[in-house]
Amino acid sequence: MMASDCDRQRKEVDFVRVKKRLGVFTSGGDAPGMNAAVRSVVRAALNQDLEVYAIYEGYQGMLEGGDRIRKMDWDSVGGILGRGGTIIGTARCLAFQTREGRRQAARNLVEYGIEALVAIGGDGSLTGATIFHREWPELLAELVENGEIGAEVAAKHAHLALVGLPASIDNDLYGSDMTIGTDTALHRIAEAADAISSTASSHQRTFIIEVMGRNCGYLALMGGLATGSDWVMIPEKPPEGEHWEEQMCQILKAGRDSGRRDTIIMVAEGTRDAQGKPIRSDDIKQVLEERLGEDARVTILGHVQRGGSPSAFDRHLSTLLGHAAVTQILQSDPAAEPMLIGMRGNRIACTPLGQCVENSRKVAQAISSGDYPQAMALRGDTFSEIYHTFYTLMQATPPNCKPDAPPPIDKPLRIAVLTCGAAASGMNTAVRAAVRLGIDKCHTMLGVENGFRGLIEGHIKELDWVSVRGWATAGGSSLGTSRKIPKGRDLYDIARHIEKHDIQALFIIGGWSGYQAAYQLYNQRENFPAFNIPIICIPATINNNLPGSEYSIGSDTALNNIIQAVDKIKQSAVASSRCFVVKVMGRYCGYLALLSGMATGAEQVYLHEDGVTLSNLQHDLDYLINSFERGKRLGLIICNENAHPVYNSDFISALFAEEGKKLFQVRQAVLGHLQQGGDPSPFDRIQATRLAAKAIDFLIAEADKHSPAATAIGLQGSQVQFWNLSELPVQMDSDHQRPKHQWWWELRSIASTLSHHTPHL
Ligand code: ADP
């Protein structure tokens, strides 16, 4: 069931708003992003004139009542977006698993007049919530029978509205593509593995990194893919055959023989062999030492994976889910079936909570009964696809196409790869994936230096399997990049080099200039037959301003760079009353400004798409002055670099400084190129690999056609889609170099709801 389930429920009550007292709690294993979810629930509810109570320490607090259940106001959740863990505490509560415990919890909720609950937690917590909801009428009847509450009170609380939000670093819940905390855990894994790989390489050691996931290999697989690991073990897919040791040793030995200095093995804690026997990290270490004579070390990441500040994605996900939870409670019948609010394909989706809990268990059941194909099938197609891609990329030499053997295909292609526009983190990851996957299918891969400039000048060289070693994790573009858009004479030179190097397909990774250049080649096919080859563009720019894709490689890294910088800037003002005006990149596209504003709790975000007017500024200034008068100590404004030619960040800083000088100081921060740098985030690495894999298959399939496509690939929701480059002028607002339709536009109202308190009189 998808978003329509929410809609259906809402229609039944015809959007009647009922004033409620709402309780929110976090339970089970903590997950980074829980705070952002609590903040969002509290503020969205307050702005709808609801009363909100935080239930501290999860079910334990619900059972204990008293000051474990506290009324929240706007400021009780201020400044928590960047904090890991959960400020309202979480606990594991055995007593809640008993009927008596749940009856006590029901009594406390009734005492506080709480009629709706938002439960934020994992599989166990949401199972508990489902049972509690199902038993609610009986629990109240028992309380009446015991004389603990009156029949009238019970009748008034006949229904408990319930919404669940998925929070678990394991990403093991049905009903949401991602759960709160998973992306941050991947950040921690990637940071650790990147650090370990430099020491491993110095000593030529093998490291076994054990990550969480008793019944779910998501962290191990995605962590392995993102860090370019050399072997991965997950519970859903044990190594085939009886002897996993032989298979692993063979592949790792081939890596060493090919000159690899470091070896990283990523293992999920619940890994087992094909017979269901657990494989511990120490078992792997022993095998490597005994059979290969390796100097092997085990690192168990443990609780590091839960810790630290939440990633941009987790802050964003939690914020949207928390907001949607309140909408769901307000707009559905109090007696309605409880729902899990998740994210599917980049959009909010409601699924009956009972169904989610039940289906989440099925993978664990399949694994424990040894039905591994079923476990993989339940994880979905993308998971399996990524597993197969990983399996190819991790090999020391091309598994299907040996360099000295004759190619097993009729027409091996020569495919040229180039990166264009400003450098974006993840470009290298995409090049590595394209090169290895192309070679694996027995094609020749060519690297063009410095984007279209290199194609004009003929700087083209063959890339082999080993030449892209280590590129999975490196920021920038090792091939070099340029913003050159060919014109006039350049086109002759490109055609000449395409012919000279016998290039039969073009794989372009880049931003606006790369797309423009590819469009030029496509448009000039009649004049230059050399351009009549398959061309594909992969979106890669921090600005996320390309059509046909909701996401471009590099934008997630840039967002994380921004929020880390803004978190530090905010901390620097702890002791003084200050308002920061932070200028971020994006050209004319407000994506980075809006999403970083949401993830850092900015009061105001200025975007070119909205425009900036004097009356907006006056209004926002009044709001700030009013807030500082009421005791606020820190203000944050995010401004897109081109929000307005006159009312820019300099102007806004000067205006606010002058008008607010009795109450606060103003400081401007221009983040500049730090937004473009750094190692790619796990999300950028994973999506770069995924898009590259699909794009290579597409080019190969087009190569045989009489009129091969010139196309671009993109992510729409969670689906990979292709679109014809001939549509570029239709899809782009070329004056402002951004798509005419931008999916994130609708998030502006949520950002505003959560940053501005509008008390109802
Ligand atoms: P997570 O929510 O992270 O999966 P747990 O499995 O530890 O974490 O569950 C957290 C809490 O949820 C438990 O301590 C218990 O209070 C409650 N809970 C879990 N399973 C049940 C159940 N079957 N019935 C009632 N409560 C449960």
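If you're wondering where the values come from, they're calculated on a predicted model, not measured in any experiment. Counting starts at 1 for both ligands and their atoms, in listed order.
Within the listing of ligand 1, atoms 12 (O), 16 (O), 17 (C) sit less than 4.0 angstrom from a heavy atom of Tyr59. Listed by number with element, the atoms of ligand 1 under 4.0 Å from a non-hydrogen atom of Cys93 are 13 (C), 14 (O), 15 (C), 16 (O). Near Gly28, with a cut-off below 4.0 Å to any heavy atom, the atoms of ligand 1 are 1 (P), 2 (O), 3 (O), 8 (O), 10 (C). For ligand 1, the atoms sitting less than 4.0 Å from at least one non-hydrogen atom of Thr127 are 23 (N), numbered in the order shown with element in parentheses.
At a 4.0 Å heavy-atom cut-off, ligand 1 touches Phe96 through backbone and side chain alike.
Put simply, the side chain of His187 does not reach to within 4.5 Å of the side chain of Pro310, judged on heavy atoms. No side-chain heavy atom of Phe207 sits less than 4.5 Å from a side-chain heavy atom of Met266.
In this structure, atom 11 (C) of ligand 1 lies nearest to the protein heavy atom Ser27 OG, 3.8 Å. At the top of the distance list for atom 22 (C) of ligand 1, counting protein heavy atoms only, stands Ile131 CD1, 3.9 Å. Shortest contact from atom 3 (O) of ligand 1 to any protein heavy atom: Gly29 N, 3.0 Å. The shortest contact between atom 2 (O) of ligand 1 and any protein heavy atom is with Ser125 OG, 2.4 Å.
In this structure, Arg70 is positioned above the aromatic face of Tyr56, its NZ or CZ under 6.0 Å from the six-membered ring centre and within 45° of the axis. In this structure, Arg344 forms a cation-pi arrangement with Tyr174, its terminal cationic atom sitting closer than 6.0 Å to the ring centre and no more than 45° off the ring axis.
Note that the CD1 atom of Ile300 and the CE atom of Met212 stand 10.5 Å from one another [nearest 0.5 Å].
Of all non-hydrogen atoms in Pro680 and Thr557, the two that sit nearest each other are CA-OG1, 3.4 Å. In terms of heavy atoms, Ser755 sits closest to Ala602 at CB-O, 3.2 Å.
At a 3.5 angstrom cut-off on N or O pairs, Ala91 does not count as close to ligand 1. At least one N/O-N/O distance between Gly122 and ligand 1 falls below 3.5 Å. The shortest N/O to N/O separation between Arg92 and ligand 1 falls below 3.5 Å.
One finds a salt bridge joining Glu135 and Arg99 here, because a Lys/Arg side-chain nitrogen approaches an Asp/Glu carboxylate oxygen to under 4.0 Å.
If you check each of Gly124, Ala129, Ser360 against atom 4 (O) of ligand 1, the one with the closest non-hydrogen atom is Gly124. The closest heavy-atom contact to atom 26 (N) of ligand 1, among the options Gly58, Gly128, Ala105, Gly121, comes from Gly128.
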**OP:** Go through the steps for Thr473 and Asp194 under the test side-chain hydrogen bond (donor to acceptor under 3.5 Å, both in side chains), then give the verdict.
**Re:** CA-CA 8 Å; Thr473 58; Asp194 289 354; 4.6 Å; no

